[in-house]
J.: 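This is the structure, below, for whatever I ask next.
Each chain gets a letter, A, B and so on, in the order the sequences are listed, and its residues count up from 1. What you see is a predicted model, and the numbers here were worked out from it, not measured in a lab.
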Amino acid sequence: MQRNIRIFFEKTGRAKYISHLDMTRCWTRTFNRAGLPMWYTEGFNPHLYMTFALPLSLGFEGLCESFDARLIADIPLDEVKERLNQVLPTGLQISRVADQKMNAREIKWADYELCLECENPKSVHEKLTEFLNRDSIVVEKRTKKGVKDMELNGLYTVLESSFDETSVLLKLRLATGVETNVNPMLLLENSPVYAEILQTSVRRTAVLTADLNNFE
Amino acid sequence: MIPKKLERNLLKVQKPGRYIGGEPGSVHKDKTKVDERIAFCFPDMYEVGMSHLGMKILYSLYNSRENFWCERVFAPDVDMEDVMRSEGILLYGLESFDPIKDFDFIAFTLQYEMSYTGVLNMLDLAGLPVRASERKELSPIVIAGGPCACNPEPLTAFVDLFLIGEGEEVNLEITELHLKAKNEGWSKEQYLHEAAKIPGVYVPSLYDVTYHEDGTIKAVTPIYDDIPEKITKRIIVDMDKVFYPDKFVVPFVEPVHDRAMVEVLRGCIRGCRFCQAGFIYRPFREKRAETIDKCGKALCDSTGYNEISLTSLSTSDLSEIEPLLDKMLTWSQERKINLSLPSLRVDNFSEALLEKIAKVRKSGLTFAPEGGTQRIRDVINKNVSEEEIMNTCRTAFEGGYTNVKLYFMMGLPTETDDDIRGIAVLAQKIVDMFYAMPNRPKGKGVNVSISCACFVPKPFTPFQFEPQDTMEEFDRKQKLLRSSITTRKVTLSCHDASTSFVEEILAKGDRRLCDVVELAWKKGSRLDGWSEHLDIERWTGSMKELGLDAAFYANRRRAYDEIEPWEHLDYGVSKEFLIRENKLAHADTTTPNCKQKCSACAANKLLKGEKCVAAKYQDFLRENGKG
Ligand code: SF4
């Protein structure tokens, strides 16, 4: 008996400092602690099979992260969720365990909430708004093949922006997926206000398909 | 919640996961509901400290008491230290993020001499004076234990109280006394004086040291008559009943040893004369297979590890090793859990045993003959013959292994150039044997890698009287060994002699070295266990500046009747025994192991009347119909 499952989880608080590499070890042990029999790869160095749809950068929080794994026993998916949640460290929590409805290639967008702490939120907000409204933002992007220029216009939408006494708050929708991937920090680092930001908190709040449905 | 100041800087440092705690298995309590808070400090980085079994045991032990809360603290890496110093972040406990200077105890484990300046650096990062005499309050009390506490003198100016021997009982006793002291409003002096009466507790400020004109020690005298002249180490008599954690903290960031560990025995029957652990942990006491198996299973369940190691100084000496492996393999294989046995010995590595571990372990094999010739192996009492080494390698090759790693030492007492060349000769013989085997693993070459350490004579061993080779001599011997190797099938790596030199000075040093440790730290020494951070100049320069002669500590033969800096500590083995063993070494004569015959080392007195190894083993043989 084998069943491909997709696990949706939240990564918040202290857990955002767990690197992607460390996450796979962490999940393997979580399955073991939960006593859930999972499929291991064959070969010289077998490991628990796991594929992440969209790795999260170190230091980001995420509310709808997901990865795929393969269950090798007939256990109801709600029970899988319960058993995992009982043994997960603080900051990691399963929201849903389901069958794999879509292909990870269908992911096209992701929404982010950014909280930018700064000395003068009003002026930072003004400058940032001006920047995000430009017709063209060309940035250098480092890829495996070297540095190349990238036009960001069309690859992001500002969903919301505001400020309070301490910070600028920004909700962005960014092109995401196998072909194009825009990290919110790329946009920020190229903005004129980057040097004024004391601390950036980033939270990924949604992972979406081309027609803006949740990735399932 | 992570404090703001810390949070703002975490992404600026390498591997921030080391500084945030919150791992599965970590213990969180309500600080308003606990009486005593303990910061358990490992004076090296997270990856090293989180691999350490003693820390896991004591962390769980403290936290098993409802009113005690023990947190973990590690030395920050250099980038994090910079951030902490520039942002004014004080060293904090990983569980609560509270500054440890407000705790009741700051407890260090001393695993190796090169971490001593790390102790000072951590106290300084905590915002405390490094010198014990400048910390006047009842809290925090700075304590230290671990193997290096067997000669704690070079740290006596900084640590308030040392725990001698095994900590499972005494750690709790001094914590309870501290609670009483707080409730009754004692001064720090009053507390230390009372604590010094507890067996296994050494309060260095309560002992005076006087010296002869030649710099050797004249006497170590307690300043009160109600504290002992000699401090005897504590041990746990019944290993089957000792506290053992059923949970470990499972790190996010990968430590050096990332696995569950179950302690199978304490002490060692062997009596290899160079090995400090072999003497200071005497007598040998083992757990029953059933206890170990239960513990191991519980740990795998609670941690989710895919690997478990059976930990001890010499796991194959466990009387019930084969039944234990049988028991453990029944559940571990099915759950894809690897069993690993890190300390196997060459001589009793039976075929049946190899077959059992071959089922689960596929990496290379390591052996430690330690000496290149039979003569030098007799001197160091490493009772393993060339035939046994060859047989073990053959068995390994037949089992499909093509890499063997052999550990040796140079600078051993009575060593000649023939003994050094003998290392290369032995490695060559192993290579030749491989190619002479008709049934050798096909299509693969053999690789014999040799790792050669510089010998550091240590306290409480029969070699404590011996001088260490000078750096020049080590250098010459390393060149000699390198030139004696004539095949590419043998690879050699030699340890850095200068590290061993500093280790020796600290290992056999007296109180006057406290100033050296402090000065070396001020010059920037910390994390010296990492070769990229070690600058030997800081140490040699400090010695010179303070007018101390390094050779006096490291390269001098000590007379049998000289009072050693650690002689007021009693680890069970008597000095008479060490002298006897030293003389036997110089006569190239071996001593049988404890199971074969008791050599009257005197450690049996620690068992409070219980039978020691030799007698117990006779009982075991009778019970199993082999006697
Ligand atoms: S008293 Fe005898 S049996 Fe016991 S540890 Fe010492 S030498 Fe070994």
J.: Side chains of Pro121(A) and Thr166(A), heavy atoms from C-beta outward: is any pair under 4.5 Å?
T.: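 A side-chain contact under 4.5 Å is absent here.
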J.: Does any heavy atom of chain B fall under 4.5 Å from the side chain of Arg25(A), the backbone, both, or neither of them?
T.: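 Answer is side chain: those atoms of Arg25(A) sit under 4.5 Å from chain B.
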J.: Have Ser96(B) and Glu71(B) got a donor and an acceptor in their side chains that come within less than 3.5 Å?
T.: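 Yes.
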J.: Heavy-atom distances under 4.5 Å only: say whether Lys336(B) touches chain A with side chain, backbone, both or neither.
T.: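 For Lys336(B), side-chain heavy atoms alone lie under 4.5 Å from chain A.
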J.: Heavy-atom distance under 4.5 Å to chain B: side chain of Ile18(A), backbone, both or neither?
T.: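 Only the side chain of Ile18(A) comes within 4.5 Å of chain B.
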J.: Could you work out, with side chain to side chain contact (heavy atoms under 4.5 Å, CB included) as the rule, every residue matching Asn32(A), not counting sequence neighbours?
T.: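 With neighbours one apart ignored, the set is Thr28(A), Tyr40(A), Asn306(B).
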J.: Under 4.0 Å between a Lys/Arg side-chain N and an Asp/Glu carboxylate O for Lys15(B) and Glu47(B)?
T.: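 Between Glu47(B) and Lys15(B) there is a salt bridge, with a charged N closer than 4.0 Å to a carboxylate O.
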J.: Using the side-chain hydrogen bond (donor to acceptor under 3.5 Å, both in side chains) criterion, which residues pair with Lys127(A)? Sequence neighbours excluded.
T.: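 Only Glu196(A) meet the side-chain hydrogen bond (donor to acceptor under 3.5 Å, both in side chains) criterion with Lys127(A).
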J.: Using heavy-atom distances under 4.5 Å, tell me whether Val250(B) contacts chain A through its side chain, its backbone, both, or neither.
T.: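 Side chain only.
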J.: So for Ile20(B), is it side chain, backbone, both, or neither that comes closer than 4.5 Å to the heavy atoms of chain A?
T.: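 For Ile20(B), backbone and side chain are both near chain A.
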